[in-house]
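What follows is one structure encoded as structure tokens, with my remarks underneath.
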2 protein chains.
Amino acid sequence: MTKSTVVSPQAVRDAARDLFASQGYRGTSMKDIAQVLDVSAPSLYNHVPSKQDLLHTIMDVAMDRALAALEVALAGVNDVADQLRRATEVTVLDFLENPAEVTVCNTEIRSLEEPYRQAIIDKRDAYGRRILAVVEHGCATGRFDVAEPRVASFAILEMGNNAKAWFDPRGHYTAQDVAALYGSFALRIVGHRAG
Amino acid sequence: MTKSTVVSPQAVRDAARDLFASQGYRGTSMKDIAQVLDVSAPSLYNHVPSKQDLLHTIMDVAMDRALAALEVALAGVNDVADQLRRATEVTVLDFLENPAEVTVCNTEIRSLEEPYRQAIIDKRDAYGRRILAVVEHGCATGRFDVAEPRVASFAILEMGNNAKAWFDPRGHYTAQDVAALYGSFALRIVGHRAG
DNA sequence: CCTACCGATCGGTAGG
DNA sequence: CCTACCGATCGGTAGG
């Protein structure tokens with residue numbers, strides 16, 4: 001036997017996540033997902049309500065996980081430079097460790113129907129505001145020196161987005177190594193001054 | 001009359017570009033494109049050979065334009081810091097001035113059939129190598145100080161990718177202003193030392 | 001969990 | 001440039 005996995009809502013979402021990431025939401029049929037799990041397409045509806053619900057759930061779980069990881073990374077950290085470094089590291093780590101979810105979140109917002117679409121956009125914006133707040137705090141306290149904190153925070157959030165495309169988990173560098181590198185880039189972008 | 005545009009291959013590509021950017025390639029039908037131009041879907045085949053050709057041509061023209069603009073921006077510039085600043089500025093300017101093409105290039109490579117897909121990837125990689133060469137030259141001559149030139153060049157190329165999402169051409173800053181800001185970020189990332 | 005099937009939509013062609 | 005139409009595929013349901 002090649003497939004002995006018990007079909008479950010999570011198994012369907014995992015298969016859908018990988019296919020949505022590689023072929024897109026519109027380019028993936030319920031039959032494609034079913035074939036991965038070795039069942040017929042109609043059988044999927046015993047586990048999930050619809051294709052649209054699959055997409056929304058994948059993205060919503062991914063956003064909640066990212067937001068929670070960001071809060072954990074910032075909890076109890078007082079130095080604003082450490083805050084920015086950790087926020088950047090945890091962001092890049094999320095990109096590297098969950099490449100399929102991140103790709104789906106990046107490319108399939110347009111495939112979400114309302115009100116799901118707006119709900120995901122709100123969570124994505126909340127993530128961005130959290131980064132911006134750190135950058136602004138660093139500027140207000142004179143630890144950072146950058147002309148446009150808002151633009152700087154966008155650049156920091158975005159610069160690691162494609163790292164998952166070239167990162168090799170079995171290569172010379174670990175995901176944490178790469179994340180640390182981006183953390184140092186973030187501090188340079190905001191013009192961090194020590195002490 | 002609401003539409004008096006003469007239908008031409010370029011008009012079809014322009015309509016397709018905007019629809020592919022907002023709805024995706026698979027989410028856009030030939031009928032959708034035809035409706036923008038106020039003709040029937042079969043009529044489009046008098047101007048373009050296929051939907052797939054539309055996608056490939058849009059992306060290929062966009063990549064050639066970006067590569068040419070990069071060469072023009074670097075022509076005759078000797079100082080490596082100026083080279084990196086200009087390369088970053090022209091990259092971000094391309095993102096801001098051609099948001100639909102850039103979105104299509106970013107999200108629809110997976111919708112391209114071979115050999116078109118590989119040809120576009122090759123052009124995208126050539127662009128990245130050009131940026132990397134500048135960063136490496138700056139490191140080799142001691143003008144830049146960054147541990148991983150390759151990762152730095154990826155970060156620089158990527159950081160402005162989403163600027164088109166929040167940039168408002170009628171706002172306080174011009175596209176050139178925003179591009180200049182990213183140019184300064186690039187020099188900070190590579191640890192540029194003056195003189 | 002399956003087969004059989006529904007109405008809708010797709011890219012593209014025929015023929016004029 | 002049009003209408004009429006082709007075969008294929010889609011998400012989802014019926015019924016068991």
Could you tell me the separation between the [atom1] atom of [X] and the [atom2] atom of [N], rounded to a whole number of Å?
X: Ile33(A); N: dT9(D); atom1: CD1; atom2: P; answer: 17 Å
X: Leu44(A); N: dC1(C); atom1: CG; atom2: P; answer: 9 Å
X: Asp38(B); N: dC1(D); atom1: CG; atom2: P; answer: 11 Å
X: Tyr25(B); N: dC10(C); atom1: OH; atom2: P; answer: 13 Å
X: Asn46(B); N: dA14(C); atom1: CG; atom2: P; answer: 13 Å
X: Leu54(A); N: dG12(D); atom1: CG; atom2: C1'; answer: 13 Å
X: Lys31(A); N: dG12(D); atom1: NZ; atom2: C1'; answer: 15 Å
X: Met30(A); N: dA8(C); atom1: CE; atom2: C1'; answer: 17 Å

Side chains of [X] and [Y]: do they bring a donor and an acceptor to under 3.5 Å?
X: Thr91(B); Y: Asp94(B); value: no
X: Ser43(A); Y: Asn46(A); value: no
X: Thr174(B); Y: Asp177(B); value: yes

Measure from the side-chain heavy atoms of [X] and tell me the nearest of [options].
X: Val39(A); options: dC1(D), dC2(D), dC2(C); answer: dC2(C)
X: Ser43(A); options: dC2(D), dG12(C), dC2(C); answer: dC2(C)
X: Tyr45(A); options: dT13(D), dC2(C), dC1(D); answer: dT13(D)
X: Ser29(A); options: dG11(C), dG12(D), dC10(D); answer: dC10(D)
X: Pro42(A); options: dG11(D), dC1(D), dC2(C); answer: dC2(C)

Checklist entry - If only atom types and distance count, is the side chain of Gln52(A) paired as donor or acceptor with the main-chain N or O of Glu113(A) below 3.5 Å? => result yes

Item to check | Any Ser40(A) side-chain nitrogen or oxygen under 4.0 Å from OP1 or OP2 of dC1(C) | outcome: no

Checklist entry - Looking at side-chain heavy atoms only, is the closest gap between Asn106(A) and Phe95(A) below 4.5 Å? => result no

Checklist entry - Do Asp18(B) and Val36(B) have side chains that get closer than 4.5 Å, going by heavy atoms? => result no

Checklist entry - How are the rings of Phe154(B) and Trp166(A) set to each other: parallel, tilted or perpendicular (split at 30° and 60°)? => result parallel

Next on the checklist: For Watson-Crick and G-U wobble pairs within 3.5 Å on both distances, what is DNA chain D written in dot-bracket notation, | included for inter-strand pairing?
Outcome noted: ||||||||||||||||

